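A quick write-up on the structure given underneath.
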Amino acid sequence: MKRNITLKILISAQILLIFSCKTNKVPEKQYLFIGNKYNYLDKKGMPYLDAYGMPFYDEKGKPVVNEYKSPFSDELDSYVKQKPNKTILFFVPLALWMYDRSDPKFDSVYYDYYKVKQKERNQALLDSLYIKYNLKSYVGQNRWFDRFFYNNGEPPVIADTAIAASSAKNLQQYFKNRGWRKSSVKDTLLASGKKAKVRYDIKLGRPMIMDTIIYDVAQELQDNLYNGYLQRQTKIKVKKNSVERTKEELINAFFSRGSSIKKGDRLDAYVIEKEISRIENRFQNMGYFRFNDLKDEVIYYVDTAKNIYNVPVRMSIKKSAIATDVKKDSAQLKFKKYKYNQLRVTLQNLNKEMQYHIDSTYYVTDRKIVKWEDGKKRKGIIKDTIAFIVNETGGRYKNRVLGDMLAIEKGQYYRLNSEIETRRNIYKVNNFNILGFKTAPESGSDSTLVTNIILTPMDKYSYEIGFEAFGSRVVNFGITPNVTFTAKNLFKGAENLSVTLGGSVGNIESKKNNSSLFNASEVSAQASLSFPKLLVPFNGKKIIPKRWGPSSAITLGYNAQYNIGLDRRNYNAGLSYNFTPTRTTVHQVTLWGLQYTQFLNPGNYYNIYTEDWNTMKELYFKVYPELESALNDKKITEKQLQEQVINDRAFRDELMHVSPESMDSYGLLESRRYRFTQNVLISSFKYNFTYDQRLSFFPPKNPFYIKTQIELAGNALSIFNKSLKDFTTSNDKVVKEIFGVPYSQFVKIDLDIRKYWNLSLKKSFNVRFFTGIGIPYGNSFDMPFDRSYSVGGPSDVRAFKAFGFGPGTSKFGSKDGYELVALENFKLLTSLEYRFPLPSKGFEGALFVDAGNVWGIRKNSLNKFEFDSFYKELGIGGGWGVRWNISNFIIRFDFAYKFHDPRRDEGDRWYFKHINVLKPQINFAIDYPF
């Protein structure tokens, strides 16, 4: 078998080599261009040398050492004009091969043939071209295959020294903009046979460093900033012994806080451009309308008169006279703040056949505020929304809906974020298209603005059809069709009702039906009614401002699964709120969530999880050895014995007396059976918080992500415990029930932290840490199935299948298949991943390592988490992956190998000697793992 695999690999490699070597149509004395190579001459860790080979020295007399190995290497292809032929599978130029496969003597014929319109292409045209190019013997021949290869192929890219020289100049200018003023780039053609690549020798030299940073800001801006600072000081209680800042200190602090420009950094024009954009954004959120619109007000000056390597940088913010009449007095050259004076919202009816009464009115709402006067808090009322609304839909939408989307207030200073938040609110409501959104100075005024927003209603009814294919630990393969119907503006308040009907069919290794192709199925229905406001019995605007885009949703759902034999149904309902204070922050509160899980065939458990049954039989025979011979002699059946074991309430106590050392195994088996068979009711409160720096207007170079969730279940129901009936669970525990179902009581906390180090434009090193804990208490002695933790799968420890190992070092159900569904109440997971570009456009590679496991947290847990030994019980794996980016839609394949398997004996857990490179664990998924 190994020999056959090796032979197949060699044959495939030979075919790919043949494909990549085609040069039949490359003209004489010319070369097929196969790529660019970038050679950095400066060595990292070595001193920079001048033109005479002598090192540069700093102010302390020490040599200046190069800190860069190959800076921005993955960006250089964007500045080189000549690219090699397109490839598939990262290095196979299939299109070139196809073009080369066509007969070269017909190239002129085909060229003229495909220049004409498709309707005019026929045999007569082809025959005339044969005659034109002295190929009369081919008249009447169609040559379809030959033409197909020519038309769908790609001509060879010929190495061009002139283009290479021009590209070298582009690269040299690029590095100068990046701060290497004395950089030089030389191109060299490297030919071998009929192929050639271009090598660019890059000599960067010593970079320019920002020695000092000076802020030269217009006086009126300084005065405004300082006066605002003094006003804030009077409104808040100032700490004792605090020192009031001077105007200069305030200006330096204002511009340096959050700045990308730091003293001692390399002078990088791209970083400076980013910093100018940040300053523009900041001032445009302080009332300065169209600040630096013409890019002539914020300018960085560099002084190289004394030193070209350690340079002072001066940031100047001055009002330019370019766009104004220079004859006007100096008052016209000052920065001015603008306020919103008129807000106009027009809801247009684009259906001209339907006539509506046009409602044109001012819409006014009040909002209570707390303001500071003379150092004291005072309550007041302001006009929250004053907008002239033109509603052409004749009452189809209430004016309140249009007013509530506005994060802009009349009398408020211009704020760019207010307009962005208004747009976000409109999109979030999902009822309107924006035809126009414009803010401009009011006619005859130099300090007030007019905002016009033009909207049109979306279609009232819409639908979407979805289809997915999937595979998992349990399901070998499956397909999931679904359709979503949406009815908009249900009660004239932009409420949306969405109903999703779906299901899936798939194949599993089933003990009850393994002959059918599709032997597993699922049916689901989900309805959601969303509201563009908070559904609360009081004025929610007092708590959550409109600019946060508050929304509410009522959900109802049903799901039925028929797969491995237990089969279950889920019913759910909930009321949730969502609001987004900033681009980077999201809060979601599920005030009330209800889920009822019903297992249809709990008595079938031991027929499915046969390894658990075999272990339980051994334990049972320790107490009742006569039953083993009765089973062997067929005096009782396997099914009868299972029923006896499940219903034997005295078995646990007898086992404790006969074999105390077996109680850990018994406890684990019963805990698993309970989670997989016990009907349960979950009534909970849930809060989610997400903070993602990648979504900010100006994300930091190395952004941070955190998501946390807390869920509290059963506390409200526990108030009524005295009036509730007792319920005996499937593993003989007594709890309280509601309508014949025990309710769950627990607290569950998840924490997901991620850090992204962007090494360059296309390379990054990313780290994820996840931990979660579920603590049952009160009416629960264990976490329900849907709230328990597991490990493995395409976004977890990828070297193991989903539910692939654990808890701890457990060996129960250690073989592949759904025999092992490892669940517990505490989880740790860490992933490291390095992402880098691949040669083919749109493709990305990855190298990764994952580690994690789940453990119990109870005192009697067989696989309890212990600080002094948990690291020995981690499942560790790693590998490589390929990602295909299609317009930000990521298709991901990861190939992983086990490094450390906690299921093996302690001295044999490191798996390196068992790795088979040709048999990785293959994971297919959509989007990045984190």
Side-chain angles (χ1 to χ4, degrees), residues 5-6 8-9 11-13 15-16 19-20 74 86-95 466-480 504 506-508 754 756 759 762-768 770 790-805 816-817 829-852 875-901 911-912 914-930:
I5 293 174
T6 304
K8 290 179 181 178
I9 293 174
I11 293 174
S12 299
I15 292 173
L16 296 179
F19 279 0
S20 61
D74 58 343
K86 296 177 182 178
T87 60
I88 64 169
L89 299 177
F90 316 124
F91 62 90
V92 180
L94 180 61
F467 183 88
E468 293 182 1
F470 68 96
S472 71
R473 182 76 162 85
V474 174
V475 181
N476 295 324
F477 68 88
I479 54 175
T480 305
S504 67
N507 177 268
I508 62 172
R754 308 172 189 180
Y756 304 88
L759 308 178
K762 298 179 181 180
K763 295 178 182 177
S764 64
F765 180 73
N766 313 294
V767 176
R768 178 194 184 193
F770 174 88
S790 66
V791 279
S795 296
D796 207 274
V797 185
R798 284 164 276 186
F800 297 82
K801 294 181 180 180
F803 305 100
F805 62 96
D816 288 341
L829 171 68
T830 299
S831 294
L832 292 79
E833 184 165 288
Y834 172 61
R835 298 169 189 165
F836 53 91
L838 291 174
S840 293
K841 184 177 180 181
F843 283 90
E844 183 182 81
L847 300 174
F848 59 85
V849 176
D850 308 311
I876 305 175
W880 57 281
V882 177
R883 289 81 193 273
W884 186 15
N885 188 333
I886 309 173
S887 300
N888 294 322
F889 181 79
I890 308 296
I891 298 176
R892 171 165 59 95
F893 287 93
D894 286 329
F895 304 86
Y897 304 90
K898 297 182 182 72
F899 295 164
H900 187 267
D901 190 345
Y911 211 79
F912 295 110
H914 304 291
I915 291 177
N916 186 339
V917 177
L918 298 178
K919 291 185 177 182
Q921 171 63 43
I922 301 176
N923 297 277
F924 168 75
I926 303 298
D927 209 352
Y928 293 111
F930 63 93

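Predicted, not measured: the structure shown is a model, and the values here were computed from it.
Note on ring orientation: taking the six-membered ring where Trp is involved, the planes of W884 and F843 are parallel (angle under 30°, cut-offs 30° and 60°).
Residues that satisfy the ring pair (Phe, Tyr, Trp, His ring centres under 6.0 Å) test with F765, not counting sequence neighbours, are absent from this structure. Shown here are the side chain to side chain donor-acceptor pair (under 3.5 Å) partners of R892, two or more places apart in sequence or in another chain: S795, D894. Residues meeting the side-chain contact (heavy atoms from CB on, under 4.5 Å) test with Q921, sequence neighbours left out: K801, N923.
Y928 and R883 make their closest contact through CD2-NH1, 3.7 Å (heavy atoms, listed as atom of the first residue, atom of the second, distance). Closest of all the heavy-atom pairs between D796 and V791 is OD1-CA, 3.5 Å. Minimum interatomic distance between K763 and D74 (heavy atoms only, all atoms of both residues): N-OD2, 3.3 Å.
Y911 places none of its side-chain heavy atoms less than 4.5 Å from the side chain of I876. In this structure, N885 and E844 have side chains that are not in contact, with every pair of non-hydrogen atoms separated by 4.5 Å or more. Looking only at side-chain heavy atoms (C-beta outward), F836 and L847 come within less than 4.5 Å of each other.
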Task: ring-ring contact (aromatic ring centres under 6.0 Å, His included) between F848 and Y834, intermediate numbers included - done: CA-CA 6 Å; F848 59 85; Y834 172 61; over 10 Å; no

TODO: May I have the step-by-step check of side-chain contact (heavy atoms from CB on, under 4.5 Å) for Y897 and V917, ending in yes or no?
DONE: CA-CA 8 Å; Y897 304 90; V917 177; 4.0 Å; yes

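Between F893 and F924, the distance from one ring center to the other falls under 6.0 angstrom.
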